[in-house]
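Contents: one structure, followed by commentary.
First listed ligand is number 1; within each ligand, the first listed atom is number 1.
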Amino acid sequence: MNLRIPGPTPCPPEVLAAMSGQMVNHRGPEFSALLTKVTGLLKEFFQTSNDLLTLTTSGTGALEAAVVNTLSPGDKVLSVVIGNFGERFAEIARVFGAEVVMLQFEWGTAADPEAIRQALHGDPAIKAVLVTHNETSTGVTNDLHTIAKVVKEFDKLLLVDAISSIGSIDLPVDAWSCDVVVTGSQKGWMVPPGLAFASVSPAAWEAFRTAKMPRFYFDFGKAKKFADKGQTPWTPAISLYYALGVSLELMKEEGFQNIIARHTRVASYTRKKMQELGLSLFADEHCASNTVTAVNVPQGVNVRALLKILKDKYGVVLSAGQGKIADSIFRVGHLGYVGESDIDAVYEALRESLSELGCKVPLLT
Ligand SMILES: *Cc1c(COP(=O)(O)O)cnc(C)c1O
């Protein structure tokens with residue numbers, strides 16, 4: 001199967017093989033050495049000297065951790081929302097008692113930093129800003145660098161969902177003053193689902209000291225205390241750490257700048273190939289993502305039928321849309337273990353499948 005969804009993503013054979021290793025004592029020296037190694041490499045990819053915590057959870061658990069470790073019930077937060085995952089981040093804050101001010105932008109576009117400035121200017125009680133770096137549901141990357149500058153003009157805490165960006169799209173955590181940045185193993189990291197990583201800045205730790213939202217499993221304080229002795233507070237998904245150790249070595253070998261460049265290249269290749277088929281792109285081209293491309297479903301085509309033919313006949317697995325655009329777009333994931341040839345296979349399969357559904361390809365636009 002050519003799994004081209006925006007996570008979980010395919011894993012290199014070496015990464016899969018690493019997971020067959022025997023268990024070790026998670027309170028022993030072998031695990032401690034592995035945890036120390038992966039933490040160091042992750043910090044390089046996060047471009048940070050902040051604390052870097054690894055959690056056994058999917059990405060959403062790390063979003064919850066970012067919220068509950070820095071905020072108290074009643075705290076006012078600004079949620080910048082450009083799609084489904086931005087809504088989820090806001091919902092987590094709301095569930096734990098934050099007063100959430102929503103700043104929404106049309107799906108398919110990026111957030112306007114000036115609107116964020118206006119919102120912060122108009123409401124000094126806001127304590128933190130929640131933002132999605134790369135909105136996987138719409139295939140849009142926010143201008144996080146500019147957004148971060150605005151947030152820091154007002155000296156607010158910046159919590160970033162970088163689940164489908166960091167490691168594939170440049171996000172220098174320290175240079176951009178991001179306080180908590182989270183990601184998940186099954187996106188660009190070429191590791192199966194189940195681990196999440198979070199960087200925590202000194203300002204985030206300061207917020208942690210007075211944050212009163214309930215937390216137990218995701219307590220950053222406990223995670224840090226154990227990380228300092230090469231452990232995790234709870235039993236870690238040891239096999240996934242084996243996989244992570246190998247994938248980070250592969251990534252280091254390829255080189256961080258080369259990985260970013262490859263994602264840039266494959267993304268623009270994907271957009272070009274979709275347009276060659278006569279398909280139109282959902283996201284504004286100025287903010288189109290380098291890890292996922294959202295494509296408008298052509299008139300008269302049922303997205304479920306299209307995805308089914310792609311998979312059953314051609315072995316290509318793509319994603320439908322989410323939320324209010326569930327039926328009007330499909331998404332091609334191109335993050336992690338991916339190159340142009342994978343996109344060629346998507347192109348061929350789409351051309352054949354669309355023809356079978358009665359479209360004349362290339363479509364007339
Ligand atoms: C995948 C994803 C999530 C959800 O992560 P899970 O690992 O499924 O919990 C959240 N935000 C973004 C931007 C994502 O791409």
Side-chain angles (χ1 to χ4, degrees), residues 3-11 46 53-68 79-95 104-105 107-111 129-144 147 158-171 173 178 180-199 217-218 237 240 243-244 247 263 267 282-283 287-294 317-323 325-326 329-336 338:
L3 184 65
R4 286 295 137 220
I5 64 175
T9 63
C11 302
F46 274 60
L53 304 172
T54 59
L55 310 168
T56 291
T57 177
S58 83
T60 305
L63 292 178
E64 179 173 320
V67 168
V68 300
S79 276
V80 178
V81 176
I82 64 167
N84 203 52
F85 287 111
E87 285 184 350
R88 182 183 296 183
F89 206 0
E91 180 63 14
I92 293 169
R94 199 177 295 118
V95 163
Q104 311 210 46
F105 298 88
W107 289 27
T109 67
V129 177
L130 277 51
V131 62
T132 316
H133 183 205
N134 184 75
E135 180 49 75
T136 318
S137 68
T138 61
V140 168
T141 305
N142 271 318
D143 178 2
L144 184 61
I147 292 172
L158 178 58
L159 310 183
V160 182
D161 174 347
I163 292 177
S164 63
S165 59
I166 197 162
S168 312
I169 296 173
D170 197 29
L171 197 184
V173 169
C178 298
V180 180
V181 175
V182 310
T183 181
S185 57
Q186 82 277 24
K187 303 287 170 117
W189 303 99
M190 308 186 293
V191 170
L195 295 180
F197 320 125
S199 66
Y217 184 80
F218 291 128
L240 294 175
L244 180 64
S247 77
H263 282 84
F282 178 71
C287 53
S289 166
N290 283 345
T291 56
V292 53
T293 295
V317 184
L318 305 183
S319 290
Q322 291 179 320
I325 53 172
I329 65 160
F330 65 84
R331 293 172 299 150
V332 184
H334 35 77
L335 67 173
V338 62

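S289 places a side-chain N or O within donor-acceptor distance of the main-chain N or O of T291, the cut-off being under 3.5 Å.
Rounding to the nearest 0.5 Å places NE2 of H133 at 8.0 Å from CG of D143. For the atom pair CZ of F197 and CG of L244, the computed distance is 4.5 Å after rounding to the nearest 0.5 Å.
For ligand 1, the protein residues placed under 4.0 Å by at least one non-hydrogen atom are S58, G59, T60, F85, R88, T132, N134, T136, D161, I163, S164, Q186, K187.
Not counting sequence neighbours, the partners of R4 by the salt bridge (charged side-chain N to carboxylate O under 4.0 Å, His left out) test are D342.
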Review item, side-chain donor-acceptor pairs of residues 55-66, under 3.5 Å, at least two apart:
{"unit_1": "T56", "atom_1": "OG1", "unit_2": "A237", "atom_2": "N", "d": "3.0"}
{"unit_1": "T60", "atom_1": "OG1", "unit_2": "R88", "atom_2": "NH1", "d": "2.8"}

Can you give me every donor-acceptor pair (side chain of residues 181-193, partner residue at least two apart or in another chain, under 3.5 Å) with its distance?
{"unit_1": "T183", "atom_1": "OG1", "unit_2": "I163", "atom_2": "O", "d": "3.0"}
{"unit_1": "T183", "atom_1": "OG1", "unit_2": "W189", "atom_2": "NE1", "d": "3.0"}
{"unit_1": "S185", "atom_1": "OG", "unit_2": "P192", "atom_2": "O", "d": "2.7"}
{"unit_1": "S185", "atom_1": "OG", "unit_2": "G194", "atom_2": "N", "d": "3.4"}
{"unit_1": "S185", "atom_1": "OG", "unit_2": "L195", "atom_2": "N", "d": "3.1"}
{"unit_1": "S185", "atom_1": "OG", "unit_2": "L195", "atom_2": "O", "d": "3.2"}

